[in-house]
Amino acid sequence: MQNPIAHETGQIMPTLAKRATEIKPSPTMAMSALAAEMKRAGRDVIPLSLGEPDFHTPQHIKDAGIEAIRSDFTKYTAADGFAPLKKAIIAKFARENGSTYTADQIVVGSGAKVIIYAAMLSVVNPGDEVVIPAPYWVTYPDHVELAGGKPVFVVGEESTGFKITPQSLSSVLNAKTRAIIFNSPSNPSGAIYTEDEIRALADVLKKYPDVWIVTDELYEHLAYDGEKTATFAQIIPEFSDRIITINGFSKGYVMTGWRLGFAAGPKKVMKAIGDLLSQLTGSPSSIAQAAAIAALDGDQSFLSANREVFEARRNFVVERLNKVPGLSALKPAGTFYVYINCRDWIGRTSGAGKKLSTDVAIAEALLDESEMAAVPGEVFGLSPFFRISISLEMALLEKAMDRFDAFAKAMR
């Protein structure tokens, strides 16, 4: 048996599990951490990689959390969620999505991310294929692989607004397909699927009744131009026995640090997810759950107020970006990201002499030379693009657009 003493002592450590050496840290969080480190070192970095709203949690939600502490609501709750919160989630689905659920069809967990992982563990067997539309949130492929599955990517081209089509979906489905992860509004592209587009995809999926549909609806409340998000469970109720709907409080409700998400679906799979979460994380934070009840049942006016701010920023940023030489960007229908086409920058040289051979090289040059943290499209499965966040005050976004323009004009 190998000596377990750490290698700093000169002795041999036991080896790590294969999965531990293959899983990569979140590239979006890594970029934000690097930007924060540079800021601490005195650099004037604009953190365009941020994946959270720059607003604060609304006061009535904070008050509910504070009251939970004061009233000693600080013990474990049920592992799959506090019953009054489940009731509020059921009411939310009925009110906003026209969907009906019972308490045993709801699971609450410590963030949507761990619920997605538990969903993969619940429905994917080793060797199963899981379809992931690209560009995708960086965590999806890792969760599939951790569950022993094989990610199969289908590209939503820029020409289709970064959305997959029935034809492209049909081309990747087969007898090995076990699930599809469907994200609308989409991180990183901001694309939102319409009711007709969801119905068209459902027509394809009807031919594969054993395929689970796992929907990530975390950005549900961030849809612009008066558009309302459509959900698979609402539009295709006949698929109710194969849809796992995942949502949370981090984005729309500005509760990123509270770490709370929820899921709805068939009783059997919800029980499996709840049992897994009981082993992975235990019960969710009682304090966060108390605050979440206030988020769902209390004043909702902040949702539209925040959305209006984001929409104004989106309009400004997209207009400015499309004037920067070599860049172009579609106007995202939702989220607080813009996915920027940088194809015309590929092969050029930055002002400081860096060869811009890939979107990764572009992101590195933007950080080193213009002090802007952006995330390369490679990590989202579609290049050559990079993602920026508009979750910054307008003054910083104006400064960032000026820096993009200066960076472009310095290239050769």
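These numbers were taken from a predicted model, which means no experiment stands behind them.
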A.B. asks: Between Tyr337 and Arg387, is there a cation-pi geometry (under 6.0 Å to ring centre, at most 45° from the normal)?
C.D. replies: yes
A.B. asks: Looking only at the aromatic ring of each residue, does the gap between the centers of Tyr193 and Phe182 stay below 6.0 angstrom?
C.D. replies: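 Yes, ring centres under 6.0 Å apart.
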A.B. asks: If you apply the rule side chain to side chain donor-acceptor pair (under 3.5 Å), what do you find for Ser159 with Glu157, and how did you get there?
C.D. replies: CA-CA 5 Å; Ser159 60; Glu157 302 287 354; 5.6 Å; no
A.B. asks: Is Lys354 salt-bridged to Glu369, cutoff N-O under 4.0 Å?
C.D. replies: no
A.B. asks: Would you please classify the geometry between the Tyr136 ring and the Phe153 ring as parallel, tilted or perpendicular, with 30° and 60° separating the classes?
C.D. replies: parallel
A.B. asks: Say whether, by atom type as modelled, one donor and one acceptor occur between the side chain of Glu67 and the main chain of Lys62 under 3.5 angstrom.
C.D. replies: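 Looks like no, no N/O pair under 3.5 Å.
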A.B. asks: List for me each residue that meets ring-ring contact (aromatic ring centres under 6.0 Å, His included) alongside Phe407, sequence neighbours excluded, and say none if there are none.
C.D. replies: Trp345
A.B. asks: When you compare the side chain of Ile243 with that of Thr245, does any pair of heavy atoms fall below 4.5 Å?
C.D. replies: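 Yes, at least one pair of side-chain atoms sits under 4.5 Å.
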A.B. asks: Less than 4.0 Å between a side-chain N and a carboxylate O, is that true for Asp405 and Lys323?
C.D. replies: no
A.B. asks: After noting the C-alpha distance and the side-chain angles of Thr102 and Gln105, does the key distance pass the side chain to side chain donor-acceptor pair (under 3.5 Å) rule?
C.D. replies: CA-CA 5 Å; Thr102 55; Gln105 292 179 287; 3.1 Å; yes
A.B. asks: Between Asp128 and Asn125, is there a donor-acceptor pair closer than 3.5 Å when you use the side chain of the first and the backbone of the second?
C.D. replies: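 Checking the backbone N and O of Asn125 against the side chain of Asp128, a donor-acceptor pair under 3.5 Å is found.
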A.B. asks: Count the heavy atoms of every other residue, nucleotide or ligand shown that sit under 6.0 Å from CZ of Arg412, and state whether that count exceeds 12.
C.D. replies: yes
A.B. asks: Are Ser168 and Thr165 close enough that a side-chain donor and a side-chain acceptor fall under 3.5 Å?
C.D. replies: yes
A.B. asks: Between Ala333 and Ile192, which heavy-atom pair has the shortest distance, and what is it?
C.D. replies: O-CD1, 3.4 Å
A.B. asks: What I want to find out is whether Lys399 reaches Asp44 closely enough, with some N-O distance under 4.0 Å, to be called a salt bridge.
C.D. replies: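 Result for this pair is yes, salt bridge flagged.
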A.B. asks: Arg43 side chain to Glu371 main-chain N or O, any donor-acceptor pair under 3.5 Å?
C.D. replies: no
A.B. asks: Between the side chains of Lys271 and Asp275, is the shortest nitrogen-to-carboxylate-oxygen separation below 4.0 Å, so that they form an ion pair?
C.D. replies: yes
A.B. asks: Would you indicate whether Gln279, at its atom CD, is surrounded by more than 12 heavy atoms from other residues, nucleotides or ligands within a distance under 6.0 Å?
C.D. replies: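 No - once you tally the heavy atoms of other residues, nucleotides and ligands closer than 6.0 Å, there are 12 at most.
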A.B. asks: Considering only heavy atoms from C-beta outward, does the side chain of Pro376 approach that of Ile362 to under 4.5 Å?
C.D. replies: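 They are not in contact (no side-chain heavy atoms under 4.5 Å apart), so the answer is no.
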A.B. asks: Of Asn97, Asp297, Asn247, which is the lone residue that meets side chain to side chain donor-acceptor pair (under 3.5 Å) with Lys92?
C.D. replies: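 The residue from Asn97, Asp297, Asn247 that satisfies side chain to side chain donor-acceptor pair (under 3.5 Å) with Lys92 turns out to be Asn97.
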A.B. asks: Assess whether atom CZ of Arg95 is packed by more than 12 heavy atoms of other residues, nucleotides or ligands within 6.0 Å.
C.D. replies: yes
A.B. asks: Could you report the tightest heavy-atom contact between Ser304 and Ser301, atom names first, then the distance?
C.D. replies: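 Scanning both residues, the minimum pair turns out to be OG-O, 3.0 Å.
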A.B. asks: Do the ring planes of Phe336 and Tyr219 sit parallel (below 30°), tilted (30 to 60°) or perpendicular (above 60°)?
C.D. replies: perpendicular
A.B. asks: Closer than 3.5 angstrom, by distance alone: can the side chain of Arg242 be matched with the main-chain N or O of Asp210 as a donor-acceptor pair?
C.D. replies: no
A.B. asks: Are the aromatic rings of Phe385 and Phe380 close, with centres under 6.0 Å apart?
C.D. replies: no
A.B. asks: Look at atom CZ of Phe55 and say whether more than 12 heavy atoms of other residues, nucleotides or ligands are closer to it than 6.0 Å.
C.D. replies: yes
A.B. asks: Will you find, in the side chains of Ser285 and Trp258, an N or O donor that is under 3.5 Å from an N or O acceptor?
C.D. replies: no
A.B. asks: Report the C-alpha distance between Tyr224 and Phe310 in whole Å, list the side-chain angles of each, state the deciding distance to 0.1 Å, and finish with yes or no for ring pair (Phe, Tyr, Trp, His ring centres under 6.0 Å).
C.D. replies: CA-CA 9 Å; Tyr224 308 126; Phe310 278 133; 7.1 Å; no
A.B. asks: Is the count of non-hydrogen atoms from other residues, nucleotides or ligands lying under 6.0 Å from Glu37 atom CD greater than 12?
C.D. replies: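 12 or below, so no.
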A.B. asks: Check whether any side-chain N or O of Arg313 sits under 3.5 Å from a backbone N or O of Ile390 as a donor-acceptor pair, and report yes or no.
C.D. replies: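 Here the side-chain-to-backbone pair exists.
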A.B. asks: State whether the number of non-hydrogen atoms from other residues, nucleotides or ligands found under 6.0 Å of Lys18 atom NZ is greater than 12.
C.D. replies: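 No, NZ of Lys18 has 12 or fewer neighbouring heavy atoms, counting only those of other groups under 6.0 Å.
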A.B. asks: Just by distance, do the side chain of Lys86 and the backbone of Ala103 share a donor-acceptor pair under 3.5 Å?
C.D. replies: yes
A.B. asks: For Thr256, is there any backbone N or O sitting under 3.5 Å from a side-chain donor or acceptor partner on Ser250?
C.D. replies: no
A.B. asks: Is any side-chain heavy atom of Phe386 closer than 4.5 Å to one of Tyr339?
C.D. replies: no
A.B. asks: Taking atom NZ of Lys87 as the centre, does the number of heavy atoms from other residues, nucleotides or ligands within less than 6.0 Å exceed 12?
C.D. replies: no
A.B. asks: Looking at Asp216, is its backbone amide N or carbonyl O close enough to the side chain of Asn183 to form a donor-acceptor pair, meaning the two atoms are under 3.5 Å apart?
C.D. replies: yes
A.B. asks: Does any N or O in the side chain of Gln289 come within less than 3.5 Å of the main-chain N or O of Pro284, such that one atom is a donor and the other an acceptor?
C.D. replies: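 Pair found, side chain donor or acceptor close to backbone of Pro284.
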A.B. asks: Quick test of your reading of the model: are Arg199 and Glu195 salt-bridged, counting only N-O distances below 4.0 Å?
C.D. replies: yes
A.B. asks: With distance as the sole test, does Arg307 use its side chain to make a donor-acceptor pair with the main-chain N or O of His221 at under 3.5 Å?
C.D. replies: yes
A.B. asks: Going by distance alone, is a donor N or O of one side chain under 3.5 Å from an acceptor N or O of the other, for Asn315 and Glu311?
C.D. replies: no
A.B. asks: If you take all heavy atoms of Leu382 and Gly156, which pair is closest and at what distance?
C.D. replies: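 Nearest heavy atoms, Leu382 then Gly156: CD2-O, 3.8 Å.
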A.B. asks: Are Arg320 and Asp402 within salt-bridge range, i.e. N to O under 4.0 Å?
C.D. replies: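 Salt bridge present between Arg320 and Asp402.
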A.B. asks: I'd like to check Leu296 versus Ile89 (side-chain heavy atoms, cut-off strictly below 4.5 Å). Are they in contact?
C.D. replies: yes
A.B. asks: Which class fits the ring pair Tyr140 and Trp137: parallel under 30°, tilted 30 to 60°, perpendicular over 60°?
C.D. replies: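 Perpendicular, since the angle between the ring planes exceeds 60°.
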A.B. asks: Taking the side chain as C-beta and beyond, is there a heavy-atom pair between His60 and Phe302 under 4.5 Å?
C.D. replies: yes
A.B. asks: Look at Arg314 together with Asp225 and state whether they make a salt bridge at an N to O cut-off of under 4.0 Å.
C.D. replies: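 Looking at Asp225 together with Arg314, the answer is yes, because their closest N to O distance falls below 4.0 Å.
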A.B. asks: Would you please test Ser391 and Asp54 for side chain to side chain donor-acceptor pair (under 3.5 Å) and show each step?
C.D. replies: CA-CA 5 Å; Ser391 190; Asp54 56 317; 3.3 Å; yes
